[in-house]
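Report on one structure; see the data block that follows.
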Protein chains: 2
Amino acid sequence: MHQALKGWVLRLLLIHAKRFSYKAREPAVKEPESLSEASATGDFENALVVFSTVEQGDDESVAERAASEIYETASNLKPSTVVVYPYAHLSSELAPPTVAMDVLRKFADKLRERGLRVERAPFGWYKEFVLECYGHPLSELSKTIRKQETGVVRRAV
Amino acid sequence: MHQALKGWVLRLLLIHAKRFSYKAREPAVKEPESLSEASATGDFENALVVFSTVEQGDDESVAERAASEIYETASNLKPSTVVVYPYAHLSSELAPPTVAMDVLRKFADKLRERGLRVERAPFGWYKEFVLECYGHPLSELSKTIRKQETGVVRRAV
Ligand SMILES: [Mg+2]
Ligand SMILES: [Mg+2]
């Protein structure tokens with residue numbers, strides 16, 4: 001598992017949501033994640049939704065670093081749940097699906113190890129969703145997690 | 001105005017939304033766009049929401065090209081409204097706010113010239129929003145508009 005994490009970057013878009021719900025509708029890739037591995041549906045209040053794209057990069061410990069960043073944000077925002085939501089739209093250089101799934105599972109596990117309540121949406125499915133963003137200054141953040149530096153861009157519209 | 005467009009790239013995240021509403025809450029930059037220039041609030045059904053980030057690049061006609069891409073998508077999805085929604089989170093190399101505002105206004109104007117009903121959310125404001133994504137295979141798309149090539153990434157989760 002750890003080997004699979006070598007060489008990848010995580011691009012994250014964090015939304016602090018008054019409410020977030022989603023529902024998997026149909027497969028979007030050849031071998032989508034089994035719906036027994038992640039929840040086909042979810043409905044949360046006060047959630048930190050982490051839209052997550054795994055792309056090619058140069059990091060060996062990206063899941064650990066990402067978890068550490070998100071833990072810090074969660075300590076400020078105090079969401080009831082952190083939702084790791086696979087998202088292909090934050091980069092055009094995507095990691096292969098199997099690698100992306102490994103990284104996202106590891107990422108979610110590392111968050112749980114820190115005591116956060118974590119849900120993970122299934123990878124490889126078209127999903128409908130409802131997202132209610134609070135709109136306070138910290139309710140939208142983007143982060144790029146790589147080896148050299150961790151770029152944190154505060155919302156600056 | 002046309003000079004200001006020189007040298008920038010548009011990163012777009014398109015969501016086909018059953019419903020999209022937003023409300024500007026407080027300024028996020030020193031000189032946010034006047035709320036008389038764009039709508040402080042909006043509430044739409046069947047909207048194509050275009051989350052738009054302007055970053056440094058090499059294109060001279062990015063607004064025109066972007067409008068042409070979005071027009072094509074809109075012709076398929078048939079939204080009632082296209083909402084141009086300034087968004088700083090699709091890149092970490094942002095254009096200066098004045099340039100970004102110019103590009104986004106031009107982008108919206110070019111869409112209107114094609115006969116689409118277009119609303120533009122104000123630039124430089126923290127905004128709360130509610131987004132209901134349909135979840136059909138074409139309901140999430142990302143596009144990068146630049147001179148050399150126009151990368152269109154179909155949702156592949
Ligand atoms: Mg995805
Ligand atoms: Mg913005």
Side-chain angles (χ1 to χ4, degrees), chain A residues 11-30 32-33 51-53 85-94 97 100-101 121-144 149 151-157, chain B residues 11-30 32-33 51-53 85-94 97 100-101 121-144 149 151-157:
Chain A
R11 292 196 185 269
L12 309 177
L13 173 62
L14 286 65
I15 307 280
H16 191 199
K18 198 183 296 191
R19 188 185 161 212
F20 180 65
S21 67
Y22 72 87
K23 184 180 172 185
R25 288 183 39 149
E26 53 181 304
V29 297
K30 243 183 219 168
E33 187 170 27
F51 292 93
S52 308
T53 301
Y85 195 88
Y87 210 65
H89 301 296
L90 306 177
S91 171
S92 48
E93 298 164 63
L94 300 180
M101 266 185 271
F123 183 96
W125 292 80
Y126 293 118
K127 293 182 279 287
E128 60 181 64
F129 66 80
V130 179
L131 174 64
E132 287 187 38
C133 174
Y134 278 112
H136 63 68
L138 290 175
S139 59
E140 294 173 80
L141 295 163
S142 56
K143 292 173 187 277
T144 300
E149 23 135 29
V152 178
V153 179
R154 283 273 287 280
R155 176 178 169 78
V157 288
Chain B
R11 291 195 185 271
L12 309 177
L13 173 62
L14 287 64
I15 306 280
H16 190 199
K18 198 182 295 191
R19 187 185 162 212
F20 180 65
S21 67
Y22 72 87
K23 184 179 172 186
R25 289 183 38 147
E26 51 181 304
V29 297
K30 243 184 219 168
E33 186 170 27
F51 292 92
S52 309
T53 300
Y85 195 87
Y87 210 64
H89 301 296
L90 306 177
S91 171
S92 48
E93 297 164 62
L94 301 179
M101 265 185 272
F123 182 97
W125 292 80
Y126 292 118
K127 293 181 278 287
E128 60 182 63
F129 65 80
V130 179
L131 174 64
E132 286 187 40
C133 174
Y134 279 111
H136 63 69
L138 291 175
S139 59
E140 295 174 79
L141 295 164
S142 55
K143 292 173 187 276
T144 300
E149 23 134 30
V152 178
V153 180
R154 283 274 288 279
R155 174 178 170 77
V157 289

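The chains referred to below are lettered A, B, ... by the order of the sequence lines, with proteins before strands, and numbering in each begins at 1.
- Put simply, of T53(A), L131(A), V130(A), the one with the most heavy-atom pairs under 4.5 Å next to chain B is L131(A).
- Taken to the nearest 0.5 Å, the CG atom of L90(B) stands 11.0 Å off from the NE2 atom of H89(A).
- With rounding to the nearest 0.5 angstrom, the CD atom of E128(B) is 13.0 Å from the NE2 atom of H16(A).
- Residues satisfying the salt bridge (charged side-chain N to carboxylate O under 4.0 Å, His left out) criterion with E132(B), sequence neighbours excluded, are absent altogether.
- Between E140(B) and Y87(A), the closest heavy-atom pair is OE1-OH, 2.5 Å.
- S92(B) contributes atom OG, which lies 13.0 Å from atom NZ of K143(A) (distance to the nearest 0.5 angstrom).
- The side-chain contact (heavy atoms from CB on, under 4.5 Å) check on A121(B) picks up Y22(B), Y85(B), P86(B), K127(B), with sequence neighbours excluded.
- Rounded to the nearest 0.5 angstrom, C133(A) SG and K23(B) NZ are separated by 13.5 Å.
- Residues L13(A) and F51(B) fail the side-chain proximity criterion, which asks for heavy atoms closer than 4.5 Å.
- For F129(B), the parts sitting under 4.5 Å from any heavy atom of chain A are the backbone and the side chain alike.
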